[in-house]
Asks: 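My questions all concern the structure below.
Just so you know, these numbers use all the heavy atoms, side chains as well, and skip hydrogens, waters and symmetry mates. One is the number of the first residue; the rest follow in order along the sequence.
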Amino acid sequence: MAAPALALGPAVAAHASTTAATCKVETDSAGKYHLWGEGFPGGTTVTYSGSTSGSVPIDKSGRFDLGGLSGSKYVVKTADGATVTCTVLQH
C-alpha cells in the first residue's frame with residue numbers, strides 16, 4: 001500500500017500548488033485593466049484569455065503582472081492544463 005501512495009504524492013502536491021494560485025483584475029488610473037497573479041509554478045509560462053489573450057512568464061516567486069488590458073474577464077491556464085478564473089477587485 002505504501003508504494004502507490006508515494007507514487008501519487010508528487011502529482012497531488014503539484015496539483016495542490018496550482019489550486020493555490022490566484023488571479024486578480026483591477027482597473028488602473030487610466031481606465032485600463034491590470035491583470036496579476038501569484039502562487040503559480042515559478043519559471044513557467046501561463047496563457048491568459050478574455051477580452052485579449054496571450055502568454056506571460058511566471059517569475060521565480062510564482063507571480064506575473066500585466067497592465068494596459070481591455071476588459072475585466074480573464075482566465076489563466078497553466079502548462080499542466082489547470083485553469084484559474086480571475087477575480088475582479090472593486091475599489
Asks: How long is the gap from CD on Glu26 to CG on Leu89, to the nearest 0.5 Å?
Replies: 4.5 Å
Asks: Working to the nearest 0.5 Å, report the span between NZ of Lys77 and OG1 of Thr83.
Replies: 5.0 Å
Asks: Compare every heavy atom of Ala21 with every heavy atom of Val84, then report the nearest pair and how far apart it is.
Replies: CG1-O, 3.8 Å
Asks: Is any side-chain heavy atom of Glu38 less than 4.5 Å from a side-chain heavy atom of Phe40?
Replies: no
Asks: What is the minimum heavy-atom distance between Leu69 and Leu35, and which atoms define it?
Replies: CD1-CB, 3.6 Å
Asks: How about Trp36 and Val56: do any of their side-chain heavy atoms sit closer than 4.5 Å?
Replies: no
Asks: Please check if the side chain of Thr78 supplies one atom and the backbone of Ala82 the other of a donor-acceptor pair under 3.5 Å.
Replies: yes
Asks: Rounded at 0.5 Å granularity, tell me how far CZ in Arg63 sits from CG in Asp59.
Replies: 7.5 Å
Asks: Between Tyr48 and Ser55, which heavy-atom pair has the shortest distance, and what is it?
Replies: CE2-N, 3.6 Å
Asks: Can Thr52 and Tyr74 be counted as having a side-chain donor-acceptor contact under 3.5 angstrom?
Replies: yes
Asks: Under 6.0 Å from the NZ atom of Lys73, do we count more than 12 heavy atoms belonging to anything else shown?
Replies: no
Asks: Any idea which heavy atoms bring His34 and Leu66 closest together, and the distance?
Replies: CD2-O, 3.0 Å
Asks: Is there a donor-acceptor pair under 3.5 Å between the side chain of Thr44 and the backbone N or O of Pro41?
Replies: yes
Asks: Where do Ser51 and Gly71 come nearest, in terms of heavy atoms and distance?
Replies: OG-CA, 3.2 Å
Asks: Do you know which of Val75, Val76, Thr22 makes side-chain contact (heavy atoms from CB on, under 4.5 Å) with Cys86?
Replies: Val76
Asks: Could you pull out the closest heavy-atom pair between Tyr33 and Ser72, with the gap in Å?
Replies: CE2-CB, 3.4 Å
